[in-house]
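Throughout, a chain's letter reflects where its sequence line sits, starting with A, and its residues are numbered from 1. Being a predicted model, the structure only gives us computed values, none of them experimental. Computed over heavy atoms, backbone and side chain alike; hydrogens, waters and symmetry mates excluded.
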Number of protein chains: 2
Amino acid sequence: MIAPQPRPTLNEVAARAGVGRGTASRVINGQAKVSEQAREAVERAIAELGYVPNRAARALKTQRTDAVALVIAESEERVFGEPFFAGIVRGIGAALGAAGRQLVLLLAQASERRGTLDEFLTRQHVDGVLLLSLHDDDQLPGRIREHGLPVVVGGRANPALETDFVDVDNVQGARLAVEHLVGSGHRRIATIAGPPDMVAGHSRYEGYAAALEAAGLPVDEALVAHGDFGQASGESAMRALLERSPAPDAVFCANDLMAAGALRALNDAGVQVPEDIAVVGFEDAPIAASTHPPLTTVHQSPEEMGREMVAMLLAAMADPTTPRPGRMLPTRLVVRASS
Amino acid sequence: MIAPQPRPTLNEVAARAGVGRGTASRVINGQAKVSEQAREAVERAIAELGYVPNRAARALKTQRTDAVALVIAESEERVFGEPFFAGIVRGIGAALGAAGRQLVLLLAQASERRGTLDEFLTRQHVDGVLLLSLHDDDQLPGRIREHGLPVVVGGRANPALETDFVDVDNVQGARLAVEHLVGSGHRRIATIAGPPDMVAGHSRYEGYAAALEAAGLPVDEALVAHGDFGQASGESAMRALLERSPAPDAVFCANDLMAAGALRALNDAGVQVPEDIAVVGFEDAPIAASTHPPLTTVHQSPEEMGREMVAMLLAAMADPTTPRPGRMLPTRLVVRASS
DNA sequence: GTGGTCAGTGGGAGCGTTCCCACAGGCCAA
DNA sequence: TTGGCCTGTGGGAACGCTCCCACTGACCAC
């Protein structure tokens with residue numbers, strides 16, 4: 001190990017700069033009412049001493065921690081395995097870092113969820129909370145807000161909960177995909193929808209139905225199959241769709257993984273993509289570029305979502321009273337060889 | 001929002017319990033020299049007031065933060081997409097939570113890596129560092145230790161760096177897999193190895209070669225192909241191996257994703273698994289259970305690895321002088337239908 | 001009795017900030 | 001000249017905790 005570094009304090013900085021503690025503090029916090037001369041002297045002293053404010057002392061005095069919690073409930077822990085959420089975390093990390101905030105990761109165990117939650121509420125070790133949630137019925141946001149901590153929910157949030165949130169515009173994305181299929185001349189457009197109890201599930205279906213209606217096409221129950229966002233479920237859903245008659249000439253899958261499963265089923269069945277049937281996914285996950293054929297899909301930007309979540313939370317922390325509208329991030333279509 | 005909660009202080013707890021601040025503090029920190037009577041009174045007061053120590057004040061006084069950083073370098077950010085690392089993070093989160101430590105996530109940008117690093121060293125906002133690293137040449141551990149902060153590296157660490165680490169016993173796992181193939185009567189056992197510049201790559205190859213030697217079988221260069229741990233690379237490597245003659249009767253893949261690719265290539269080529277050729281993977285990733293046929297593979301426990309990393313770091317924090325041996329976690333074979 | 005030890009206790013000091021108040025000095029209008 | 005204001009400044013106080021020292025009163029051995 002190394003010699004313990006004697007961290008300089010504000011007092012030493014002030015002394016070296018030949019000013020008072022107050023003035024030095026004002027410089028550091030960028031407040032007005034400091035002469036140019038004093039400011040320069042303090043800045044020089046800071047640089048020379050390598051001074052960095054002691055966070056604990058600051059937190060003690062200001063009652064703020066400059067830390068933000070990212071809460072991932074146990075049931076959502078698999079998010080780490082999903083590239084989409086990995087991207088969100090990356091965006092969050094970058095944005096918080098740029099804002100000088102620490103990211104405290106909280107993996108809440110279901111069993112001790114209440115306890116864990118109360119802990120960081122009571123200890124007030126964070127100034128705000130970011131929540132990654134998949135489920136409609138999650139009561140967490142409300143509970144956190146009850147304690148006076150700002151919360152922003154990201155990804156697949158339930159708009160019904162009155163909470164600040166950022167989400168991909170699933171409806172618009174699905175419309176984009178279906179409009180593309182319609183525009184390519186397809187008329188019997190099937191869908192492999194996600195679970196209706198997830199926002200991503202039902203709102204993508206909603207967009208699908210809306211696009212069909214807008215094109216004057218009927219929404220045919222025979223062309224709707226459901227999956228659970230897993231590859232295997234996409235495979236079996238596609239098999240089921242192939243048995244319907246007349247067979248669909250296109251299929252919109254609510255995510256890329258199910259689309260990959262569908263491609264597999266089509267391949268097994270000897271159906272040509274995109275000649276016999278066009279396939280479109282949603283998410284633009286890494287897998288989309290490496291399927292056979294490469295998948296046309298709706299692109300969403302997880303990093304942007306993470307950044308937006310942070311921006312919204314910082315705004316909420318700065319001004320808790322003004323209500324903020326939920327933010328829907330636009331999507332765009334990436335056309336590859338499957339359509 | 002809600003009425004701002006007036007957090008009780010230690011003073012109020014002491015007053016209510018009818019003792020001095022010192023006694024109350026002793027009770028809270030579990031120190032001896034407190035009468036049973038006083039202890040009970042303080043504990044009752046704590047419960048009644050819902051007192052929780054102020055972390056900032058404690059940190060200011062003790063110079064410790066009770067927080068641990070998990071550093072993920074940008075080049076490793078994709079770890080989030082990997083189930084294995086997701087599991088590690090889960091294990092780390094659980095173990096730190098149980099130890100009453102906060103997990104501060106640091107996604108170090110390559111561009112500002114030095115700055116970010118120095119930041120949390122200087123600010124000493126954490127008491128220790130956990131590092132998830134894939135690359136052999138990473139200088140981070142040394143740099144962090146230079147500043148007197150304990151570090152534990154997890155996953156694919158380079159044993160050559162003199163740093164505390166926890167890793168899966170890749171050599172032993174690979175031996176297990178190959179011994180299983182040998183035991184099933186296979187003689188021309190190929191391997192799809194990972195990149196030699198990753199520990200997981202070369203040490204699994206090492207185990208493969210060692211097991212062959214131990215069985216008196218030659219290590220035939222014609223039976224060795226390389227991939228990059230991605231599915232596509234496994235597919236093309238398998239195709240290459242099929243062209244060698246005589247064809248292998250078994251193949252050990254350095255991870256499950258490449259094994260999945262290999263299965264795909266075999267399926268395309270009309271080769272029966274396991275009748276014509278046996279396939280074994282490494283990792284026991286979720287995908288292993290859903291391939292066709294389900295994959296025999298070497299199981300490793302990422303959660304355990306995360307927990308071990310935390311245990312080692314806590315030990316290092318408690319006693320920085322005693323050197324700790326690197327910890328190799330055992331693996332076990334999971335036999336499914338592909339062998 | 002006296003002196004020592006020792007469990008148990010109370011409270012001062014100080015960790016490094018920020019906030020705020022007091023105040024110096026310059027300037028302008030009366 | 002006097003009063004008022006306004007910019008810039010210094011330093012006391014406090015945030016809530018832990019550490020440590022001083023102290024009390026039992027208890028024991030002499």
Going from CG on A:Asp164 to CG on A:Leu313, what distance comes out if it is rounded to the nearest 0.5 angstrom?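 Rounded to the nearest 0.5 Å, the CG-CG separation comes out at 8.5 Å.
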
Would you compute the distance between atom CE of B:Met305 and atom CD of B:Gln300 and round it to the nearest 0.5 angstrom?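 Interatomic distance, B:Met305 CE to B:Gln300 CD, rounded to 0.5 Å: 8.0 Å.
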
OP1 or OP2 of [N] under 4.0 Å from side-chain N/O of [X]:
X       : N      : value
A:Thr62 : C:dT18 : no
B:Ser35 : C:dT9  : yes
A:Gln31 : C:dC19 : yes
A:Asn29 : C:dT18 : yes
B:Ser25 : D:dT18 : yes
B:Asn11 : D:dG16 : no
B:Lys33 : C:dG8  : no

If I take atom [atom1] in residue [X] and atom [atom2] in nucleotide [N], what distance separates them, rounded to the nearest angstrom?
X       : N      : atom1 : atom2 : result
A:Arg39 : D:dG8  : CZ    : P     : 9 Å
A:Ile28 : C:dT18 : CD1   : P     : 6 Å
B:Arg64 : C:dC15 : CZ    : P     : 18 Å
B:Tyr51 : D:dG16 : OH    : P     : 10 Å
A:Leu60 : D:dA13 : CG    : P     : 17 Å
A:Arg58 : C:dC19 : CZ    : C1'   : 13 Å
B:Gln37 : C:dA7  : CD    : P     : 18 Å
A:Lys61 : D:dC15 : NZ    : C1'   : 5 Å

Across the strands shown, which category fits A:Ala38 at heavy-atom distances under 4.0 angstrom: base, sugar-phosphate, nothing?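 Counting heavy atoms under 4.0 Å across all strands, the contact made by A:Ala38 is with sugar-phosphate only.
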
For the side chain of A:Gln63, counting heavy atoms from C-beta on, which of D:dC15, D:dC17, D:dG10 is nearest?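 Out of D:dC15, D:dC17, D:dG10, the nucleotide with an atom closest to A:Gln63's side chain is D:dC15.
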
Given D:dC17, D:dC15, C:dT17, the nucleotide with the shortest approach to the side chain of A:Leu10: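 Side chain of A:Leu10 sits closest to C:dT17.
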
Residue pair [X] / [Y]: nearest heavy atoms and the distance that separates them:
X        : Y        : answer
A:Ala99  : A:Leu314 : CB-CD1, 3.8 Å
A:Met328 : A:Phe165 : SD-CE1, 4.3 Å
B:Asp319 : B:Arg324 : O-NH1, 3.3 Å

Nearest-nucleotide comparison on DNA chain C, the residue closer to the 5′ end among B:Ala57 and B:Val34: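 In this pair, the answer is B:Val34.
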
Flag if over 12 foreign heavy atoms under 6.0 Å of CD, A:Gln31: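 Counting neighbours around CD of A:Gln31, more than 12 heavy atoms of other residues, nucleotides or ligands fall under 6.0 Å, so yes.
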
Could you check whether the side chain of A:Arg21 and the base of D:dG12 have a donor-acceptor pair of N or O atoms closer than 3.5 Å, going by distance alone?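 Result: at least one qualifying N/O pair found.
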
Assess whether one donor atom and one acceptor atom, taken from the side chain of A:Arg26 and the base of D:dG10, lie less than 3.5 Å apart.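 Yes, the side chain and the base share a sub-3.5 Å donor-acceptor pair.
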
